[in-house]
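This report refers to the structure that appears directly beneath it.
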Amino acid sequence: MSHSAPLDPAPFRIVIAGGGTAGWTAAATCARFLGNRATISLVESDAIGTIGVGEATIPQIHNLLIGLGLDQAEFLRRTNASFKLGIEFVDWRRVGHSYVHSFGTVGRGVGLIPFRQLWLRGRALGVAGDYGDYSANVAAARRGKFVIGDGRDRNLPDLAYAYHFDATLFAAMLRDYAEANGVCRVEGTIASVERNGASGDIRALTLDGGRAVVGDLFLDCTGFRSLLLGQALDVPFVDWRRYLPCDTALAVPCANSGPLRPYTQSIARPAGWQWRIPLQHRTGNGHVFASEFMSVDEASVLLLANLEGEPLADPRPIRFTTGHRREFWAANCVGLGLAAGFMEPLESTSIHLVQSALGRLLNVLPRDLTDLATARDTFNRLSTIEWQRVRDFLVLHYVANDRVGEPFWDHCRHIDLPATLAEKIALFEESGAFVREEDELFLDDSWGQVMLGQGIEPRSWSPLADNVAGAEIGPFLDTLARAARVRADAMPDHRSFIAAMTGAKAESAA
């Protein structure tokens, strides 16, 4: 008995409101993975600027580049990108103290025994060095070195890395990709949002001049304005200022000065922190602070006094409230980027949160779009969990500090912790243990580096570590630390490696 194949449903219409990094990431991703099922339009206006500053990323950015099939060397050239091995946190625990939250693994476990447990026992025996001594990423970062897949020792994993790049140039690259793959860009300002009176869904975006862009699924990438999700659909905002009190950022680029660091710097300041993001052609700088403890003028003076090169623009303030829309997907509209919420850039998660939302959407989106209820509920539940776990990781940096006598930092030490973070800290304090839950973003090594870097000290270690003879732990740790140093010493310097990849001259790149 034969069955006729079901007819393909008609192509559905995806409308993306807003460009920038979020909008064009969405457009490129939808074109790549839904282009055979959907027509994709992106509405933006040249008259409306974007927040884009120098962007730092995390290793999950590779999923986007590989998924789109983008050439790495072309990406480096077009976005003035540099490589990122992690983040150096300066003065966060106390003035004069620093540590690196590096990507990749720290040390190497033995069988079922995690490395950190062996390190904790070794420290009690007086034979362990600094925790970062056992990371190849940290060793390379400290030396300004970088390489991809050196292949010197198959027992050593490649360096884990991400990028720093110019967000405006990256959005332009994604736009070229999207338009080459069928995305239609519509120039215009959104004047109003038309909704279906019966279902409440968005039917069309009405632009200046009266044009209407009709769609079946809308992606809100309109930035802080959140024109669709926040305004038209009136989805309330979940305010996290009680956990993360910073509410203002100043951004300014400056000329490069000195060697090109293969890592981001985050430097604690009296009422917040300063970022330094080194690109090939300039350095991105910013000062994130709490306006309750410092004025914009004071913050601007402090930022300009701590640039490493000549400023290339005036600092521009960005006001924000940390938190997210209660629903990330309401009716037939999904919020992405700043339209969905704001997470301060302390751990470089902004682009990842756009990526992960798109991946989640593609994973649950039904083929015919007639009933979105289950997909929408699942998407919202998983998105809320992801944002809460990232929030917890950021809060950890603030609450664990020894900067006694400074009003902002005193305030941060007394923040009422989310229960999920309080449990993580308590477990770590007991024995240095960490349990990753619900596919949360940051892994064991990330939590371990920041916990220890911020001064959270385990009282003991796992009994698993007692399976190794005490006399063997010191030589084992020494071997790992030496391997990291030797490997880093053999690498080329960061700028030279970029020049070799892109075909540029290292000296002219400076």
Side-chain angles (χ1 to χ4, degrees), residues 54 56 58 82-107 116 119 123 128-146 159-162 164 246 254 257-278 283-289 302-303 305-309 344-348 393-406 408-409 412-413 428 432 442 445-458 481 484-485 488 493-494:
I58 56 178
S82 63
F83 292 98
K84 175 184 175 182
L85 294 168
I87 305 171
E88 181 186 32
F89 287 94
V90 180
D91 296 342
W92 275 81
R93 181 175 174 181
R94 60 179 179 272
V95 175
H97 177 270
S98 69
Y99 67 95
V100 175
H101 168 206
S102 66
F103 301 134
T105 58
V106 178
R116 188 165 59 249
W119 177 81
R123 191 172 62 166
D130 182 83
Y131 195 60
D133 292 349
Y134 308 97
S135 164
N137 270 49
V138 173
R142 295 293 192 200
R143 290 161 174 77
K145 302 292 194 75
F146 184 80
L159 293 178
Y161 66 92
H164 311 109
C246 290
C254 75
S257 176
L260 186 65
R261 296 186 186 94
Y263 56 92
T264 305
Q265 281 189 308
S266 173
I267 305 158
R269 297 300 183 204
W273 60 280
Q274 176 185 342
W275 76 73
R276 288 186 185 139
I277 299 176
T283 298
N285 305 272
H287 186 185
V288 177
F289 62 98
L302 187 60
L303 174 60
N306 285 281
L307 299 182
E308 294 185 314
E344 65 178 79
L346 183 58
E347 284 284 353
S348 311
F393 194 55
L394 302 191
V395 173
L396 170 65
H397 296 67
Y398 285 101
V399 298
N401 77 78
D402 298 328
R403 297 184 60 145
V404 178
E406 299 181 72
F408 172 78
W409 294 100
C412 289
R413 275 197 314 281
F428 193 85
F442 291 103
D445 278 313
S446 290
W447 281 92
Q449 289 177 91
V450 176
M451 290 269 198
L452 293 168
Q454 294 294 143
I456 297 176
E457 296 290 341
R485 293 194 302 270
D493 75 83
H494 182 210

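Every heavy atom of this structure was used, including side-chain atoms; hydrogens, water molecules and symmetry mates were not.
Every residue meeting the salt bridge (Lys or Arg N to Asp or Glu O under 4.0 Å) condition with D402, not counting sequence neighbours, appears here in chain and number order: R93. With sequence neighbours excluded, the residues forming a ring pair (Phe, Tyr, Trp, His ring centres under 6.0 Å) with H397 are F89, F393, listed by chain and number. Residues passing the salt bridge (Lys or Arg N to Asp or Glu O under 4.0 Å) test with E457 are R123, sequence neighbours excluded. By the side chain to side chain contact (heavy atoms under 4.5 Å, CB included) test, A488 pairs with A139, A140, R143, sequence neighbours left out. Not counting sequence neighbours, the partners of W273 by the side-chain hydrogen bond (donor to acceptor under 3.5 Å, both in side chains) test are E344, Y398.
With hydrogens and angles disregarded, a donor-acceptor distance shorter than 3.5 Å links the side chain of Y134 to the backbone of G129. Although no hydrogens or angles enter the test, the distance criterion places no donor-acceptor pair under 3.5 Å between the side chain of N285 and the main chain of L303. S102 places no side-chain N or O within 3.5 Å of a backbone atom of V138 that could act as its donor or acceptor partner.
Between H101 and F103, the ring planes lie perpendicular to each other; the angle is over 60°, past the 30° to 60° tilted range. Using cut-offs of 30° and 60° on the angle between ring planes, the pair F83 and F146 is parallel.
Taking NE2 from H164 and OH from Y263, the interatomic distance works out to 10.0 Å, rounded to the nearest 0.5 Å. Taken to the nearest 0.5 Å, the CD atom of Q449 stands 12.0 Å off from the CD atom of Q454. Going from atom CD1 of I267 over to atom CZ of R276 covers 3.5 Å, rounded to the nearest 0.5 Å. Distance check: R269 CZ to W92 CH2 gives 11.5 Å after rounding to the nearest 0.5 Å. Note that the CG atom of L307 and the NE2 atom of H287 stand 11.5 Å from one another [nearest 0.5 Å].
Taking 4.5 Å as the limit, every side-chain heavy atom of L346 sits out of range of all side-chain heavy atoms of V288. In this structure the side chain of L302 reaches within 4.5 angstrom of the side chain of P270, judged on heavy atoms. Using a 4.5 Å cut-off on side-chain heavy atoms (C-beta onward), V404 and W409 make no contact. The side-chain heavy atoms of S348 and K84, taken from C-beta on, include a pair separated by under 4.5 Å.
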(message) As a quick check of understanding, evaluate side-chain hydrogen bond (donor to acceptor under 3.5 Å, both in side chains) for S82 and H494, giving each step before the final call.
(response) CA-CA 8 Å; S82 63; H494 182 210; 4.6 Å; no

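Applying the salt bridge (charged side-chain N to carboxylate O under 4.0 Å, His left out) test to every pair with at least one member in residues 132-142, sequence neighbours left out, gives these pairs: E88-R142.
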